[in-house]
Amino acid sequence: MEHKPVRTRFAPSPTGRMHLGSARSALYPFLLARRTGGTFILRIEDTDQKRFVPGAEQELIDGLHWLGITYDEGPDIGGPCGPYRQTERREIYHQHAWELVARGHAFPCFCSPDRLGKVRQEQMRNKQNPRYDGTCRGLDPDLARRRATAGEKYVIRFKMPKEGTVQATDLLRGSIQTENAALDDAVLLKSDGLPTYHLGAMVDDHLMGITHVIRGSEWLPSLPLHAHLIRAFGWEEPAFVHLSVFLKPSGKGKMSKREAAEAIQDGHSIFVSEMQDLGYIPEGVLNWIVLMGWGVPEDEVMTLDDMIARFDVQNLTPSPAAVNFAKLDHFNGTHIRLLSTEDLAARIKPYFIREGLTVDEATLLRVVPLIRERLVTLDDCLPFAAWFFRDSVNPDPAELLIKGLTPAQAADVAGRAQAILAGLPVITPATAEAPLRQLVDDLGLKAGQVFGVLRVAVTGQSVSPPLFESMEIIGREKVLERIARAIAMLGS
RNA sequence: GCCCCCAUCGUCUAGCGGCCCAGGACGUGGCCCUCUCAAGGCCAAAACAGGGGUUCGAGUCCCCUUGGGGGCACCA
């Protein structure tokens, strides 16, 4: 792979939530830039004022920040090629559109949207391809310019050649030939003075020195038009890479709003901010999405730095990928296990606080090693460890009756264990385990029965971190007190 | 309807003409470990969409069919 520093960009439109697809569209160009010691840019393509969503840009920035995808130039930090918000670059597009008119590659069009709509309907009725009918294509350039400057509403369209073919290249798919006759006179500058994607993106990519355009495959069909535009301006072409779309988990059809809603029911989400709320960590999310469309032969568990070291655009795959949430859970759990005790403690602490619990730092640090390998998401810390931070527990009497023990038997077991533990100066795995196992033998029971009763009595739940370690953390006093309470419950 | 793209286990993928009776990962099943739940270890089932070519030889190259996806806006 080549190591020349590249300039890449993530150019989202602030029209919705940041999801899986957006995250990957940002990740790959970021990795390529970092891999080559190049530059990664954030550009906001907000030229559609109708679909503009307030707050969307901030969500994008927050999402990138959370994931650790840093950019070197962007709307909030500036840079040498700014501004990085397209609505702040109107003049630039206006100039370029008219430059194309002057060069004979574009023309002003005064057709009303109303009339165009009718033409399109008529064409579809006749089973023809819907396309611009060419009304303004032959207008006298000087006359057209005068009408435009006089204030008449106009758009500027690309003057697509009627004959011949265009050749364009996608890095993953190779050369793509297209008949010009199949292409339309696309609108480049809208009547509100803002550019369409085609003009805006090509102009900015050129002006910002983008060397590798990595974008969604929905742009593949307009690649020939973009090639035309770039050549009409006489610019150097960047390398184009089109990423495949994400399919719904079943693999049938692309991810839609409906699937997004179903994922939520399931405790999953395709939205970055929601994944954060659900207890996923950036390391897990990143590892998950980076592999959807990138083939690595082995060692799939990677940190961002690993990804940067190994990333190669050539290994991206052009075929669509079905979203697999089970794999996200796997990577999340794996990366949680990779965190240091201090780091994991800091990350789960907010979940206890959110639950209204008071968290003692020293205790938390001792609890973390006990639950680390049990967590799939951060919020799993609650069912396993919330009880450590409560003053008392409320065991379900039915759960004290482990595997067919009668209340009397359970009370007996608890009583004997209580006596043993009461005789210990401190309760630790080293002091408590041997005598309690002796008890198991003496009573002719299974270890699970005796420890089960104690587990429910002490932790208030039938599933918990390891018993002896847990008892050590809450201390002898609370352990004895809770066992006594359980015995009382069994007696009534 | 027209144009474009894609096609290996259920899923993500390795494979870039012989190293492949196809490898890894997730998931699934079994076993081991075990105080619950996990984690971990071992094992297993599981795929080259179909048909034609090219070649001494094809998962790998070409064509067709089928299937899937995307696009055809003064949206990106």
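In what follows, chains are A, B, ... by sequence order, proteins preceding strands, each numbered from 1. These figures come from a predicted structure and were not determined experimentally.
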Sticking with atom C1', work out how far B:U60 lies from B:U54, rounded to a whole angstrom. 13 Å

Send over the distance from A:His198 NE2 to B:C74 P, rounded to a whole Å. 9 Å

Examine distances only and state if a side-chain atom of A:His335 and a backbone atom of A:Met302 form a donor-acceptor pair shorter than 3.5 Å. yes

Distance (rounded to the nearest 0.5 Å) between A:Asn287 CG and A:Asp306 CG: 8.5 Å

Write down the distance separating the P atoms in B:U65 and B:G71, rounded off to the nearest Å. 23 Å

What's the gap between B:A39 and B:A76 when it is taken at their P atoms, as a whole Å value? 47 Å

B:G50 versus B:U11 - spacing of their C1' atoms, nearest Å: 23 Å

Counting only Watson-Crick or G-U wobble pairs whose two distances fall under 3.5 Å, which nucleotide matches B:A49? B:U65

Derivation and outcome, side-chain contact (heavy atoms from CB on, under 4.5 Å), residues A:Val187 and A:Tyr132: CA-CA 10 Å; A:Val187 172; A:Tyr132 180 61; over 6 Å; no

Please measure how far the C1' atom in B:C20 lies from the corresponding atom in B:U13, and state the result in whole Å. 16 Å

Taking B:A73 as the reference, what is the distance to B:G15 when you measure between their C1' atoms (whole Å, please)? 42 Å

Under 3.5 Å on both distances, the Watson-Crick or G-U partner of B:A44: B:U28

To the nearest 0.5 Å, tell me how far A:Phe158 CZ sits from A:Leu225 CG. 6.5 Å

Identify which nucleotide among B:C35, B:C26, B:C75 has an atom closest to any side-chain atom of A:Asn324, counting heavy atoms from C-beta outward. B:C26

Looking only at atom types and distance, does a side-chain atom of A:Asp380 sit under 3.5 Å from a main-chain N or O of A:Thr377, one as donor and one as acceptor? yes

Compare the minimum distances between each of B:C6, B:C12, B:C35 and the side chain of A:Lys327, then state the nucleotide with the smallest one. B:C12

Round to the nearest Å and state the distance from A:Leu172 atom CG to B:U13 atom C1'. 15 Å

5′-ward residue of the pair A:Cys109/A:Leu247 relative to RNA chain B: A:Leu247

Partner of B:C35 by Watson-Crick or G-U wobble geometry, both contacts under 3.5 Å, or none? none

Mind checking the C1' distance from B:G29 to B:C35? Whole angstroms is fine. 26 Å

Could you check whether the side chain of A:Ser191 and the base of B:C74 have a donor-acceptor pair of N or O atoms closer than 3.5 Å, going by distance alone? yes

Could you pick out which residue, A:Glu298 or A:Arg173, lies toward the 5' side of RNA chain B when each is mapped onto its nearest nucleotide? A:Arg173

Aromatic rings A:Tyr197 and A:Trp219: how do their planes relate, parallel, tilted or perpendicular, breaks at 30° and 60°? parallel

Centre of A:Phe388's six-membered ring, under 6.0 Å away, within 45 degrees of the axis: is that where NZ or CZ of A:Arg366 sits? no

With a cut-off of less than 4.0 Å, is there a side-chain N or O of A:Ser462 near OP1 or OP2 of B:U36? no

With a 3.5 angstrom cut-off on both distances, give the Watson-Crick or G-U wobble partner of B:C21, or none if there isn't one. none

Any N/O donor-acceptor pair, A:Gln128 side-chain to B:G1 base, under 3.5 Å: no

Given B:A7, B:U34, B:C74, which nucleotide is nearest the side-chain atoms of A:Arg437? B:U34

Taking atom P of B:G71 as reference, at what distance in whole Å does atom CG of A:Asn129 sit? 16 Å

Measure from CE on A:Met292 to P on B:U13 and round the result to the nearest Å. 7 Å

Member of A:Leu364, A:Leu338, A:Leu378, A:Ile371 meeting the side chain to side chain contact (heavy atoms under 4.5 Å, CB included) criterion with A:Leu344: A:Leu378

Which parts of residues 218-227 of chain A get close to RNA chain B, meaning a heavy atom less than 4.0 angstrom away? A:Glu218, A:Trp219, A:Leu220, A:Pro221

I would like to know whether A:Thr135 and A:Asp133 meet side-chain hydrogen bond (donor to acceptor under 3.5 Å, both in side chains); could you show each step before the answer? CA-CA 6 Å; A:Thr135 304; A:Asp133 65 358; 2.8 Å; yes

Distance check, C1' atoms only: B:G18 and B:G24, in whole angstrom units. 22 Å

